[in-house]
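Presented below is the structure to which this report refers.
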Amino acid sequence: QVQLVESGGGSVQAGGFLSLSCTTSSGRSFSSYAMGWFRQVPGKERRFVAGISRSGSVTDYADFVKGRFTISRDNAKNAMFLQMRSLSLEDTAAYYCAAAPIVRDSIPFDYEYDVWGQGTQVTVSS
């Protein structure tokens, strides 16, 4: 089973830019997983942010990040990325990458993600 490690979180002012990375180590081939980013604020449920298919040809975004966030992956480097721009205070959260071992080249349903990273904190200040 793949292990996921997020990086790139930190503090940024509103309107700023951050880029998150999710890298994998050991286990099953990275390209056999569809991937996604989720975020969670304390006391609230974890929410889907963006997803990308195994090949990277299909992407999907939550409405609240469309036009501001971009998800991508590099299967040769076993890595996935989330570029976030025009950040707002509401984007403050712990961000998690997740992997779904699905066969089809499409966006997984939320319940199909079964491997999770430890999370990286993003804090947006005014």
Revision key, fill the gap. The single option from T92, V124, T123 that satisfies side chain to side chain contact (heavy atoms under 4.5 Å, CB included) with V12 is V124
Flag yes if [X] and [Y] sit in one hydrophobic cluster, no otherwise; membership is Ile, Leu, Val, Met, Phe, Trp, Tyr, and two members link when side-chain heavy atoms are under 4.5 Å apart.
X: V65; Y: L18; answer: yes
X: M35; Y: V2; answer: yes
X: I71; Y: V115; answer: yes
X: L82; Y: L87; answer: yes

Review point. Out of curiosity, Q40 CD to Q121 CD, how far, rounded to the nearest 0.5 Å?
Key: 10.5 Å
**Study point:** Backbone N/O of F30 and side chain of R73: donor-acceptor pair under 3.5 Å
**Key:** yes
Point to revise | Under 3.5 Å donor-acceptor, D105 side chain and R54 backbone | key: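 Yes, the answer is positive, given that a donor and an acceptor are paired below the 3.5 Å cut-off.
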Minimum heavy-atom separation for [X] to [Y], with atom names?
X: P108; Y: I102; value: CG-CD1, 3.9 Å
X: D91; Y: S86; value: OD2-O, 4.3 Å
X: Y33; Y: A99; value: CD2-CB, 3.5 Å
X: S31; Y: N75; value: CB-ND2, 3.6 Å

Review point. Among pairs that include at least one residue of residues 58-87, which meet ring pair (Phe, Tyr, Trp, His ring centres under 6.0 Å), considering only residues two or more places apart or in two chains?
Key: none
Exercise for review: Apply side-chain contact (heavy atoms from CB on, under 4.5 Å) to R68 and M84, showing your working.
Suggested key: CA-CA 6 Å; R68 300 188 299 122; M84 307 183 292; over 6 Å; no
Practice item. Show the numbers, then the answer: is there a side-chain contact (heavy atoms from CB on, under 4.5 Å) between F48 and Y113? Key: CA-CA 11 Å; F48 171 81; Y113 292 96; 4.1 Å; yes
Point to revise | Neighbour count above 12 (heavy atom, 6.0 Å) for F109 CZ | key: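 Counting other residues, nucleotides and ligands, CZ of F109 stays at 12 neighbours or fewer.
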Practice item. Start with the C-alpha gap between E6 and Y95, add the side-chain angles, then the distance that decides, and say whether side-chain contact (heavy atoms from CB on, under 4.5 Å) holds. Key: CA-CA 8 Å; E6 303 95 338; Y95 283 74; over 6 Å; no
Review point. Do the non-hydrogen side-chain atoms of T23 and S7 ever get within less than 4.5 Å of each other?
Key: no
Point to revise | Close side-chain approach of V122 and L20, heavy atoms under 4.5 Å | key: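 They are in side-chain contact.
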Exercise for review: May I ask you to decide whether R46 forms a salt bridge with D110, counting only side-chain N to carboxylate O separations under 4.0 Å?
Suggested key: no
Practice item. Could you walk me through whether L4 and M80 pass the side-chain contact (heavy atoms from CB on, under 4.5 Å) test, one step at a time? Key: CA-CA 10 Å; L4 307 176; M80 174 181 66; over 6 Å; no
